[in-house]
Undergrad: 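Submitted below is the structure of interest, expressed as structure tokens.
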Amino acid sequence: MSAPAASSFATTSSDQEARPATKFADFTPVSHIEQPAKPSRPTPLMTQEQMDQWMSQHLTPQGWQISQVQDSSTQEISKTFKLKKYKDCVQFVVDIADLARREQHHPVITLKMGSVTVATHTHRAFDTLRGVDENVPGLTHFDVRLALQIETVYDAYTKSNAAPS
């Protein structure tokens, strides 16, 4: 029997968990967009005015849209990213997962041949909009921040000619 192949997992000094070593794992945020600061938890829901502003100025032009979580009245933001090669789609999912782990905010990721769809909302946001002292699902600055960072990862694929369409 031959020896097992060397592991493709790497660790960092600040994170002793094994994680896949990726070509695009280290990135800098989109320089022309000021991202919201990482919110504290629990984070408040965004007002409709705040969400409209982020969407119209930064997310809608990139292809993000507001939709409803399946079987719920909760809003989420989502986008489908197109890539030509399946292996690039898989690597993109790994990079998003690594980013989500660092941000402690985990989107729903759907992998298909030639595309990756990302949908995100905050599961436990503080509802100050209705004056209710409880945690509810909805859209927060965590979602905007994650979407902008995912755009940065995708931009790295575009710049490196990793076959986005």
Side-chain angles (χ1 to χ4, degrees), residues 8-41 43-47 49-67 69 74-125 137-165:
S8 65
F9 285 81
T11 59
T12 64
S13 59
S14 64
D15 179 7
Q16 294 305 313
E17 290 179 39
R19 66 174 177 85
T22 63
K23 184 175 180 181
F24 304 103
D26 297 316
F27 62 90
T28 55
V30 178
S31 59
H32 65 281
I33 299 174
E34 185 177 336
Q35 295 186 22
K38 189 171 183 177
S40 60
R41 295 196 189 267
T43 186
L45 291 171
M46 293 178 77
T47 65
E49 181 180 321
Q50 289 172 320
M51 198 63 222
D52 290 346
Q53 183 177 4
W54 278 106
M55 289 300 294
S56 66
Q57 292 180 7
H58 304 296
L59 297 175
T60 301
Q62 298 293 329
W64 289 86
Q65 56 188 329
I66 296 178
S67 56
V69 174
T74 302
Q75 289 185 324
E76 66 184 1
I77 54 175
S78 62
K79 178 179 177 178
T80 298
F81 297 88
K82 304 287 185 186
L83 293 107
K84 291 181 182 175
K85 297 179 183 175
Y86 183 74
K87 70 177 187 170
D88 290 334
C89 290
V90 171
Q91 189 60 60
F92 186 50
V93 168
V94 169
D95 289 342
I96 293 169
D98 187 56
L99 168 64
R101 180 190 49 78
R102 287 190 307 235
E103 286 294 308
Q104 297 178 357
H105 194 62
H106 303 93
V108 173
I109 305 171
T110 306
L111 171 65
K112 293 182 180 179
M113 178 64 82
S115 71
V116 174
T117 300
V118 179
T120 183
H121 73 279
T122 301
H123 298 275
R124 293 179 49 114
L139 294 171
T140 70
H141 283 97
F142 274 111
D143 304 301
V144 170
R145 181 179 165 88
L146 184 63
L148 292 171
Q149 291 181 352
I150 291 170
E151 283 297 325
T152 301
V153 174
Y154 186 68
D155 191 47
Y157 278 80
T158 303
K159 287 182 180 175
S160 71
N161 296 317
S165 56

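Fair warning: this is a prediction, and the values are worked out from it, not measured in the lab.
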Undergrad: Does D52 form a side-chain contact (heavy atoms from CB on, under 4.5 Å) with E49? I'd like the steps, not just the answer.
TA: CA-CA 5 Å; D52 290 346; E49 181 180 321; 5.7 Å; no
Undergrad: Taking atom OG1 of T140 and atom CG of D143, what is their separation to the nearest 0.5 Å?
TA: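 It is 4.0 Å, given to the nearest 0.5 Å.
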Undergrad: How many angstroms lie between atom CD1 of I77 and atom CD of Q65, to the nearest 0.5 angstrom?
TA: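 Separation between the atoms: 10.5 Å.
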Undergrad: Quickly, which of R145, E76, K79, H105 forms a side-chain hydrogen bond (donor to acceptor under 3.5 Å, both in side chains) with T120? Name it, please.
TA: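 Of R145, E76, K79, H105, side-chain hydrogen bond (donor to acceptor under 3.5 Å, both in side chains) with T120 is met by H105 alone.
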Undergrad: Once rounded to the nearest 0.5 Å, what's the spacing between atom CG of L148 and atom CG of L59?
TA: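 It comes to 5.0 Å.
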Undergrad: About how many Å separate OG1 of T74 and NE2 of H121, when rounded to the nearest 0.5 Å?
TA: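 Separation between the atoms: 5.5 Å.
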Undergrad: Which atom pair, heavy atoms only, marks the closest approach of A100 to L146?
TA: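 Shortest heavy-atom contact: CA-CD1, 4.4 Å.
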Undergrad: When rounded to the nearest 0.5 angstrom, what distance separates CZ in F142 from CD in E103?
TA: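 Going from CZ on F142 over to CD on E103, the span is 7.5 Å.
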Undergrad: Only counting residues at least two apart or in another chain, list the ones meeting side chain to side chain contact (heavy atoms under 4.5 Å, CB included) with Q50.
TA: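 Counting only residues at least two positions away or on another chain, Q50 forms a side chain to side chain contact (heavy atoms under 4.5 Å, CB included) with M46, T47, H141.
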Undergrad: Between D88 and K84, does at least one N-O distance fall below 4.0 Å, as a salt bridge requires?
TA: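 No, no charged N to carboxylate O under 4.0 Å.
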Undergrad: Quick one: CD on Q53 to CD on Q57, what's the gap to the nearest 0.5 Å?
TA: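 If I round to the nearest 0.5 Å, the distance is 4.5 Å.
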Undergrad: Is any side-chain heavy atom of H58 closer than 4.5 Å to a side-chain heavy atom of W64?
TA: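 H58 vs W64: side chains apart.
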Undergrad: Go through it in stages, so that I can follow the logic: the residues are L139 and W54, the test is side-chain contact (heavy atoms from CB on, under 4.5 Å), and I'd like the CA-CA distance, side-chain angles, deciding distance and then a yes or no.
TA: CA-CA 11 Å; L139 294 171; W54 278 106; over 6 Å; no
Undergrad: Counting N and O atoms only, with roles assigned by atom type, does the side chain of T122 sit under 3.5 Å from a partner on the main chain of R124, one being a donor and the other an acceptor?
TA: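 Not a single qualifying donor-acceptor pair exists.
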Undergrad: Kindly list each side-chain donor-acceptor pair under 3.5 angstrom involving residues 106-117, sequence neighbours excluded, with atom names and distances?
TA:
residue, atom, partner, partner atom, Å
T117, OG1, T80, OG1, 2.8

Undergrad: Give a yes or no answer on whether the side chain of Y154 reaches the backbone of F81 with a donor-acceptor pair at less than 3.5 Å.
TA: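 A pair under 3.5 Å: no.
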